[in-house]
Amino acid sequence: MWLTSKIKQVLLVLKPGKVTLNYPAESRPVPEGFRGQPAWDHTKCIGCGGCANHCPARTILTRDLCPEIRILFYDGARCMYCGRCADVCPEKAIVMSPEFELATGDRDDITQSLELFMLTCQRCGRCYDLEIKNAIDKLDLRGYRYDSLEARTVIRRSTERFAPDVLGETEAYRRPERIGG
Amino acid sequence: MTKDSLIRTLRDGFGPALTVSEGATPKRLVLDIDRTAFRAAALKLRAAGGRYMVGVGSDERDRRGAFGMIHLFAFDKDGFTVALRTSAPAETPEFDSIAPEIPAAGWTEREYMDLLGFTFKGNPKPKKLILADDWPAGIHPLRKEVPYNLVPPSAEDVAYELDEAPEGTTTVPIGPFHPSLHEPAHFAVYVDGETIKGCDYRGFMTHRGIEKLCQTQVSYNEVPFVAERICGICGSVHAAAYSQSVEEAAGIKIARRAEFIRTIMLEIERLHSHLLWLGVAGHLIGYDTIFMQSWRVREPIMWLSERLTGNRKTYGMIVIGGVRRDITPALREDILGVLKKVETEVGGLKDAVLKDTSIHRRTKGVGFIPREEAEAWSLLGPVARGRGVDIDVRRDHPYAAYDELSFDVPVMDSGDVWGTLVVRLLEIFESIKIVRQALDKMPSDGPLLTEVADVLPAYRHGLSMVEAPRGESVHYLITGPENRPERWRVRAPTYTNLQGVPRMLLDNQLADFPIIVGSIDPCFSCTDRVLVVDGRARSRRVFARSEIEALGRGRRKP
Amino acid sequence: MRALTYAAPLINALVFLLAAPLYEGVLRKLAAKIQSRQGPPLIQPYRDLLKLLGKQTLNSAGSWPFKLAPLGAFAAALAVVVLIPFGGRLGVFAGRLDVIVVIYLLTLGGVAVLLGALASRNTFALIGASREMVTMIMVEPVLAVTLILGAVKLRSLGLAAAMPGAAGAKFTLATGLMLAVYLLALQAFVARQPFDIAEAEVELLEGPFIEYSGPNYALFKYAMMLKQMFYAWLFVSVFLPWIRTGIYPADIVLQLAAMLVVFLLIGLVGSTNPRLRIDQAVRYYAVLIVLSLAAVALAVKGW
Amino acid sequence: MFTRPDLVIPVFAALAALAAAAVVTPLFAARRRAAGIVHFAFVAAACVLLAWAGLKAALGGGMDEAEFLRLGPIAVPILIDGLSGLFLAVIAVLSALSALYAIRYMDHYPDYGLGRFTAAFPVFILGMAALVTVDDLSLGFTLAWQLMTLSSFVLIRFERRKPENVRAAAKYLALMELAWLLVVGGGLVAGGSIGDSLHTLGGKLAGAGAGPLFAVYGLLLVGFGLKAGVFPLGQLWLPDAHSVAPSPVSALLSGVMLKTGIFGLLRVFFFMLPPGGNGFDAALWGLVLAAVGAATLFIGTIQSVKQSDAKRLLAFSSIGQIGYIVLGMGAALLLSGSGVPAVRSLAAVAILGALFHVLNHAAFKGLLFLTGGSLLYATGTKDLNRLGGLIKLMPVSAAVAGVASLSIAGMPPSSGFASKWTIITSSLLAGDASVLLVLFGIAALFTSVVTLACYVKFFGMAFTASGSEWTVKKEIREVPVLMLLPKLALAAVCIVQGLFPFLFFGLISSALANSRGFLLGEAFTPGGLDGMLSVSLLGIRVHDLFGPGLNAAVAPLVVLGLLAAALAAAVLLRRSAGSREVAVPTWLCGYQELSDKNRYRDHGMFAAFKNFFRWTGGRTSPKAGRRQGGRP
């Protein structure tokens, strides 16, 4: 019956009372283990670039200004807070902070940049040597570097077989009419 | 039809054109067939009761100078799947279309026309499906030589050609920005007065190029986090499905405890997803109180997830080889407590919803499809189960820990939105049941993560299906040499269900459009996961607020 | 006394204009309560109106009906509230105009909405207009009968006779029936769930108003608030005529309080029902029409 | 020979002028423009005479009794009383304006010569004028009827190369001849012979049994009802004939020719009565008329909503509006027999409303058909599915159409409001005199909203919404001044009727007071309506009916003032924050742009309503759109 079900519904919904919070005046505390914005501890970071290597969003970029200075650049605009960087960091220099109120009009508010002074190996003259290859070479391979600090762009690779002039060939392609045009 | 009798039938029919081999597990049957008999074999599989899942096309010119094409069929009653494989020479990637007989294959074929430049002879609607309206012809982004970050010049004056509207109808443009669609997609609904006489769909607007990205840029271990972001709601499903497909391909056996934790996460995800859907459905029929109340009941589940995984959504729980975090005894009690509360509250909600005649009026008989058509369109999950199709991957093709758990699969045969509503509501209780069982039966200790070799063997095939809240998600994976997938094909349930929507809409009222589209719980981003790169969306320029405002107005200049 | 006759319409206009957004706020607060939410502050509708008034006016039509429509809708609603005997006090218009004028003025407000919708050329607006008109056609008889019930008893269509409680002066079977019908039709009058079919934001994106923005939309909004306040008043006035003391300011306050109760009812029904489809609604309205005709027949027979 | 030569001579002079026009103008047919002008000159001259005589009869007093026009042994009774005068005036005004409109409008038919048109048009007017002048049901009636019918048949058949036009005309002719047979048959059953005036016929009915009376009134009701277009008879011919005729003719067909049926019904039920009403059951026949009227207005209007062909919509709507008139007459007849004086005076109010609606309908429906003609002339189509957005191209026509639409929909303060108000008020206030009448009144109120829907649709789909930019290939321009002039004149009439209804109530009261033998005559004698109905600059009111302090009132000027003040407030509010206006394109969810494909078409409007009332019928011509559409 329509009326009885309505009355029941009203009783049902009045029971829990008001559940929304007067956000942002009051907010729920985040639980333990929450994955918020990653934070770098520059005292712990050894500049291995493992985080950059494993970042699925490729939002951690590195650049070596000279053999001794490496810049580690985290652009929060693309971060997906998976915590992979914190997982792989051998020195536990990255922690997932409880910070989640990150909306901002300025991109720099959520960017972190570490200028790391790298010590070279006195024996081989490099910063790191892994079994197979130098980690920096590995980064080069993957293209997780940025060339220009201002543009923050990733170096892009093209496959050998796809030349930009392939695009030119498609210019003759007649595009369909705009709907309603 | 059992596997053996199926093999016999096919051998009789095709003789030497057909090579039968076992897949990674006994539940996978692999059939290699000559291109000329590809269509006939697919139709035979369908006739034998196979449910069409999806097609997988791949560019294998590098290693064998040919394009590969696979049609996947599931035999749900007998619990095995069939991969029907063929290949075409690099110069002429042409196949015969199976879409006229198996409508569910329509999008698969169109997808590869766009992405790999295949030709499917006889496809009833050989139009652009995935690529952007202004994508230049002749560039097929999933081909190996096309760079993942290709940004072709965009064009403003280009548009998709919608289907011809039936005589005397008006095209109502719904989407991409429309309140009944929570993600962008365009439906051109042809109405006569208020009655829907047809519908054309132009979707794939949230192109993220995930497949291409993961095939070219990241390595196996990063993909689960990307996969999780295919869908905002069923993230664990994709992460689990991807991980399972890698594990199947590479022959990794993971710890039992990890399997149970995966199961628990999947079911918790179903719980919140169904409650979310119920709320959205309420909103779509203009009943916002259901929306708010249903989401209120859902909220403790979100908090629970936050405590379990560190986030409300995109749990980041499932990785190749196991899971990342454990369920401690304290968390176990936490889960049980939340479940108890949710069960009571959902019980009240269920009574309120199912007994409300005004809701009956808006859902019963709406979006009706008979069972046979539901099967022809390969509808999945609650959409199929609301139409009398008794399928559930968890029961038919068990994965994770489902083989040890007992649960019911609710099926309704009303064939309409009401059926899907009831099925979803009942599944909430089944999920609660499953989580409780899983917590009981879970091995009390054991490793969470199995060590995985640094480099996985290349060119192995793995298939995994996971019952997402919306239906079966299929991941097909071919391992590659660079420690990343050579080919990774994702098919979310909405991909299939959405193809049936124009049929569901037919002869309904325009006012029912939101709830019919909503009844499949559409997830356009899941569906659109594959598109490579949209020129405009990938532009890196940062717009200032004033610029965006100016742009907004500028667009509206007549 | 005579001065008051002239002042009464002005008082009506002032009270309605001031109070209408407040009642809207009550509705929103109530909906929030039912939905376990905080809800916006009571004065939010005032802020909304002010904000809209200052916003840019987008014009997609470029023809004068588009610009005239919001003015017409607001003017018609305002004209209606000026006429009514609010607080039991007849204004200067009482002897010159009758309830049929009120009915037609309400319709005129609807026409203005339709005119604007048609002028905006938007598919959704046109579908919305079509639904709005159908709703208008089907609920008008209920409104008419509510007003006429008093008229057939007292044999007068004057504002004095039909509106202030003539129907309920002596509670009869006809009045009871009409009261029930009015309550059932109330949601349709104020275009709330389950009868907010023309606006139907989920599928039609506010239907007739889709192309309106800024001050134009504010005028429509304000007109709708005035209209729903009018319908609440009409209920109080026709069916609860015993709410009166004879002292003008006290009667105003009493009626406003009683209207608050009506609004609570509107809010309650509105937030516990899904929207109906127009075809379902038409059948529902048809039943209401038949019932209200029966009420008239009973009233004529003196039952 | 005649007691009132001042009336008879102008009328006969006018008729002679019309006859002359029919002979002379076809001679100019080769030069189309000249033919139009000459034709208009003759018709205008005749109409001035007719109007003059008509108004004189209505205001200054008409003939008291029928007088005879004798041609040897044959005598045709002629009666130009107030009622005739009123109708003559209506015929004259609308005919003259239609003829003016036709000068340019006929350019629309370059393939057809004007010979037949210019010959038949004056004869048509002549027939109508004669019909309201003769006062019998035999010879004079036959003569006038046949002139009117045959000439209008020729006019409807004007586009004779179109089979559907020929079919519509043939159906019209057949049914009008049937109506003639029924009316003449009714006269014969009543015992009339050639030369019997209606008064004499009424006398002959005295003492007749219930059966013969029933037969006489029944036959006459069906006969004149067929002409007037009441349900279900009107549906048989009216929509087809009205929609295919050239628009000036449609305006006349709908604006005045239908009223000759009303005139007939008035003469039969209010004049041709047995002396003292002996044996005539006014309550019964009133109820029948009211029921017929209510059914007509309800069904006709709903059928009208369903139409997408502009002229077909107007034609069905004519049926609906005739329903209001018949309902008013029925209410008047029903209430006339009441023993309560107050109720009897309501009867007078009802007949006033009915006759006012006759005047109003002539003005706004004539105007609407001329608007329909303008649409056809400017765009080549009258299919509302293909029209739209004309307001920018034809602003004057749009404004005029807006006035007509508001008037017919009865929005206050417009002419339709005053007349419908009167009819509805008298029905509602009848109260326990007749429950059914109250219900009919509510039906009329309901229907007036349906009418509104109909004209919102008509105006909206033709002028404001979009369409013609895609569907009409030729350049659309405002119609020529010669076509605008008659429309503006009629719009002015509508506005005057709306704002100053007391003028027309006065005219009608006077006309009825000047009609001897009128059933409700007593009400219109000096002092008759005093104290019950008062008419003044500020409006009309029915008051002190059942005691002091209870009344119904309407004052268009007050409504106008009130609305103007409220509008001013709205304008102030809109401007208060200094919002700027920006032109933008239509918002269609961001993917499509407004085009012919996503335009909401007319046939989809009010779909739920139309489906609900599917049982009322009302054929929408399937070929309506294409018929006129092909023309570039």
Side-chain angles (χ1 to χ4, degrees), chain C residues 53-60 62-63 65 71 74-75 78-79 82 93 95-98 100-101 104-105 107-108 111 114-115 118-119 121-123 126-127 130 133-134 136-137 140-141 144-145 148 151-152 154-158 161 210-211 214-215 219 278-279 282 286 293 296-297 300-301, chain D residues 391-392 411-412 417 421 424-425 428-429 431-432 435 438-439 442 445-446 449-450 452-453 456 460 464-466 538-539 545-546 550-555 558-559 562-563 566-567 569-571 573-574 576-577 579-588 594 598 600 605-609 611-612:
Chain C
L53 281 175
K55 288 215 148 211
Q56 207 173 35
T57 312
L58 301 181
N59 184 343
S60 68
S63 57
L71 299 177
F74 181 79
L78 193 59
V82 161
F93 299 108
R96 284 291 159 201
L97 302 174
D98 64 359
I100 295 184
V101 175
Y104 272 101
L105 280 177
T107 319
L108 187 65
V111 173
L114 297 174
L115 194 66
L118 288 162
R121 316 197 301 166
N122 191 305
T123 318
L126 266 80
I127 299 175
S130 160
M133 190 73 234
V134 172
M136 239 162 79
I137 297 171
E140 205 197 60
V145 169
I148 287 164
V152 294
L154 302 180
R155 294 193 176 257
S156 165
L157 288 166
I210 181 170
E211 290 290 342
L219 284 176
I278 186 76
D279 55 328
V282 166
L293 289 181
V296 177
V300 172
K301 290 281 165 212
Chain D
I391 192 164
K392 289 177 200 159
M411 281 293 107
F417 179 70
W421 176 84
I424 291 170
T425 300
L428 293 180
L429 286 180
D432 54 7
V435 179
V438 175
L439 295 185
I442 293 170
L445 206 53
F446 172 75
V449 195
V450 183
L452 174 68
V456 162
T464 59
S466 53
L538 272 179
L545 281 177
F546 302 92
L550 302 176
N551 61 48
V554 67
V558 176
V559 178
L562 187 61
L563 276 176
L567 265 176
V571 171
L573 196 61
R574 179 156 81 177
S576 57
S579 160
R580 282 181 307 118
E581 189 177 287
V582 185
V584 289
T586 307
W587 168 251
L588 288 173
L594 192 65
N598 52 32
Y600 203 59
M605 289 300 266
F606 318 137
F609 181 76
N611 283 341
F612 189 75

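If you're wondering where the values come from, they're calculated on a predicted model, not measured in any experiment.
- Between chain C and the residues D/Ala577, D/Ser579, D/Ala453, the most heavy-atom pairs under 4.5 angstrom are made by D/Ser579.
- If you measure heavy-atom distances from D/Leu428 to chain C, the contacts under 4.5 Å come from both the backbone and the side chain.
- Applying the ring-ring contact (aromatic ring centres under 6.0 Å, His included) test to C/Tyr104 and every residue at least two apart in sequence or in another chain returns D/Phe417.
- The candidate with the highest count of non-hydrogen atom pairs below 4.5 Å against chain D, out of C/Ile278, C/Leu78, C/Val134, is C/Val134.
- Considering CD of D/Glu581 and CG of C/Asn59, their distance stands at 4.5 Å, rounded to 0.5 Å.
- Your options are C/Ile127, C/Val111, C/Leu114, and the one with the most heavy-atom pairs under 4.5 Å with chain D is C/Ile127.
- Of the possible polar contacts, one joining the C/Glu211 side chain to the D/Trp587 backbone as a donor-acceptor pair under 3.5 Å is found.
- With a threshold of 4.5 angstrom between heavy atoms, D/Ser576 approaches chain C through side-chain atoms but not through N, CA, C or O.
- Contacts of D/Val571 with chain C are made by both backbone and side-chain atoms, with heavy-atom separations under 4.5 Å.
- Qualifying side chain to side chain contact (heavy atoms under 4.5 Å, CB included) partners for D/Ile391, counting only residues two or more places apart in sequence or in other chains: C/Ser63, C/Trp64, C/Pro65, D/Ala398, D/Phe463, D/Thr464.
- Counting heavy-atom pairs under 4.5 Å between each of C/Thr123, C/Leu71, C/Val282, C/Leu53 and chain D puts C/Leu71 at the top.
- Chain D forms the most heavy-atom pairs under 4.5 Å with one residue out of C/Leu293, C/Asp279, C/Ile210, C/Leu115, and that residue is C/Leu293.
- Side chain of C/Ser60 to backbone of D/Val584: no donor-acceptor contact under 3.5 angstrom is found.
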